[in-house]
2 protein chains.
Amino acid sequence: MISKAKKIAIVGLGLLGGSYAKGLARANYQLIGIDIDLEAVEFAKKLNWIVEGGDDPSLVKNADIIIFALYPLTLLDWVKENQKYFKSGAIITDVTGIKVEVLKGLKEILRDDVEFIASHPMAGKEVSGIKYADTSMFEPANYIIVPTKDNTEEGIRVATDIAKILNFNTIVELDPETHDEMVGFVSQLTHVIAVSLMNSKDNTHLVDYTGDSFRDLTRIAKINDVLWTELFMMNKENLSKEIDDFVEAILHFQKALDNSDIEEMKRLFVQSTERRKLFDIRK
Amino acid sequence: MISKAKKIAIVGLGLLGGSYAKGLARANYQLIGIDIDLEAVEFAKKLNWIVEGGDDPSLVKNADIIIFALYPLTLLDWVKENQKYFKSGAIITDVTGIKVEVLKGLKEILRDDVEFIASHPMAGKEVSGIKYADTSMFEPANYIIVPTKDNTEEGIRVATDIAKILNFNTIVELDPETHDEMVGFVSQLTHVIAVSLMNSKDNTHLVDYTGDSFRDLTRIAKINDVLWTELFMMNKENLSKEIDDFVEAILHFQKALDNSDIEEMKRLFVQSTERRKLFDIRK
């Protein structure tokens, strides 16, 4: 496990960065917190989640491990501008929901004497800000480490240790391309569906009639527009392809319905039921 | 409230009929339970949810109120074959998820000396059978009464009382056409989406990576194929139209993505967020 002597900096004290700080502080790690929002920094200090912090990027100079909890484009800009402060040998990780573009961007700019290990904690909420920080969202969630050939065993071990300290349910490794394709389907497409369902007509007069299924399906339609636009744009080809496949599937269903093809409808129901059951077993 | 002297028959002791029996018995009503599955009848008797029961349709002859908890086509067949046993003046209701076709079918066949008042308890689970009977699913749910010009005040009051006894969250009235259009969007379309997402590709290898959003969105993809095929077929035009509108919305999103139209994507996110918020407030 990561030595308690190591200093860990978290850059970005929002919902996710704040929750990381809370969880790592609880495990007695020495944390440095950096955010342009000094209220978030004060909040973290007051609760003893960080031992030092502020809005000054040079605070990272004391860190052996740096966790970036920033939007993907902000992460790239921040590194470009402030990597001069990185301690030589520092291990850097992130929380970003897409990987190919982030890794490409970092490869072009990152100093040779530090190591970046990509991580994706698949946890979140429909609210923003450190005041909602909550480590319980990690416990049922997957933590995906996305190594490349440039990574060392130590880099991967640091990312793994962070996931363990934060009590993630499963820790798995994926290559960047597979990760982004998977995320395009499992996470991004589901958000497109929820958003499109809310947008397909002005349904707000139906609020008195709705059932659990509609609520469950559209929970994620409350969406951080800046963050998700970035994530979608950086995974555009995968996501557009997933939308194609999904639209094809729904039009296939519609055709069975329009043709009163009862046997085909039942076949589609049985197939979806069988597949969905697998997702319960390993919950 | 319905007099305790009235006898209530429940035809169909599945998940929903069983839950009705449980809730009405708890409120000390005298219940008759009818099902072709004698094990379900025995189960209900053992727990004192019914005072008499069996597979003999003529058992309804003692009932002042009859609740049909059957699939829509089975309901129509059952009434056709067994309405000779109805007590004159009996008030009959149902639990069916579509209304126009059921009302049309019943209007053609139903005896003149009994009254049918259509009801739709918007509650359910992804399991079947009386052994899963559970009245707690009624408490957050809507109960929709769907009167026509043929209904009396007494008929509507009986349906309302049943909803009150079972502790439904809200009780509202809708005309049959509006009901079926609403259900086509709020309930049927959401099921088509969940099923199509599971069917859009063999995604079962992704079970280790999935997050809450995928699980929430596909929970209802475990579906009773016989029941839902009937429901969909009886609401075909409405549902097909809702699929059209939804596909148009998702293709509109895809176009914004493909064109890197960031402003339009943000606009769609903000709109969906605003609309979805309303569904939280009145939860």
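In this text, all values refer to a predicted model and were calculated from it rather than measured experimentally.
Taking chain B as the reference chain and counting heavy-atom pairs below 4.5 Å, the highest number among A/A194, A/A249, A/S196 is found for A/S196. Top candidate by heavy-atom pairs under 4.5 Å with chain B, chosen from A/D245, A/L257, A/L239, is A/L257. Taking chain B as the reference chain and counting heavy-atom pairs below 4.5 Å, the highest number among A/S200, A/S272, A/P140, A/A123 is found for A/S272. Across B/M265, B/K236, B/E274, the residue that shares the most heavy-atom pairs under 4.5 angstrom with chain A is B/K236. The most heavy-atom pairs under 4.5 Å with chain B, out of A/L251, A/V172, A/L197, come from A/L197. Listed options A/D258, A/V270, A/L189 were ranked by heavy-atom pairs under 4.5 angstrom with chain B; first place goes to A/D258. Contact count versus chain B (heavy atoms, under 4.5 Å) is highest, among A/R275, A/M122, A/M198, for A/R275.
Within the 4.5 angstrom heavy-atom criterion, only side-chain atoms of A/I144, from C-beta onward, approach chain B. If you measure heavy-atom distances from B/A221 to chain A, the contacts under 4.5 Å come from both the backbone and the side chain. Proximity to chain A is absent for every atom of B/E248, based on heavy atoms less than 4.5 angstrom apart. Both the backbone and the side chain of B/L268 come within contact range of chain A, each with at least one heavy atom under 4.5 Å from a heavy atom of that chain. Only the side chain of B/T170 comes within contact range of chain A, with at least one heavy atom under 4.5 Å from a heavy atom of that chain. Looking at B/H179, there are no atoms closer than 4.5 Å to chain A (heavy atoms on both sides), in backbone or side chain. No part of A/H205 comes within reach of chain B, as not one of its non-hydrogen atoms sits under 4.5 angstrom from that chain. With a 4.5 Å cut-off on non-hydrogen atoms, B/V195 touches chain A through its backbone and its side chain both.
Listed here is the closest heavy atom pair of B/Q254 and A/S240: NE2-O, 2.9 Å. Between B/T190 and A/S213, the shortest heavy-atom contact is OG1-OG, 3.6 Å.
Ion pairing of B/K201 with A/E242 is present here, as a side-chain N (NZ or NE/NH1/NH2) and a carboxylate O approach within less than 4.0 Å. The residues B/R215 and A/D280 are annotated as not salt-bridged, no charged nitrogen and carboxylate oxygen being separated by less than 4.0 angstrom. Comment: B/D216 engages A/R219 in a salt bridge, judged by a side-chain N to carboxylate O separation of less than 4.0 angstrom.
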Go through the steps to decide whether A/Y209 and B/V183 satisfy the test side chain to side chain contact (heavy atoms under 4.5 Å, CB included), and finish with yes or no. CA-CA 9 Å; A/Y209 308 108; B/V183 157; over 6 Å; no
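Listed by sequence position, B/I223, B/D225, B/V226, B/W228, B/T229, B/F232, B/M233 are the residues of residues 223-235 of chain B in contact with chain A, using a 4.5 angstrom heavy-atom cutoff.
Here the side chain of B/K222 pairs no donor or acceptor atom with the backbone of A/K277 at under 3.5 angstrom.
Within 6.0 Å of NZ on B/K125 lie more than 12 heavy atoms contributed by other residues, nucleotides or ligands. The 12-atom threshold is not exceeded at NZ of B/K255, counting heavy atoms of other residues, nucleotides or ligands nearer than 6.0 Å.
Side-chain contact between A/N199 and B/F253 is absent, with no heavy-atom pair separated by less than 4.5 Å. Annotation: side chain of B/I220 is not in contact with side chain of A/R276 (no heavy-atom distance under 4.5 Å). Side-chain contact check for A/F214 versus B/S187: every heavy-atom pair is 4.5 Å or farther apart.
Going from atom CG of A/N203 over to atom CE of B/M182 covers 12.5 Å, rounded to the nearest 0.5 Å. Atoms OG1 and CD1, from B/T218 and A/I193 in turn, are 10.0 Å apart once rounded to the nearest 0.5 Å. In this structure, OG1 in B/T273 is found 10.0 Å from CD in A/E126, a value given to the nearest 0.5 Å.
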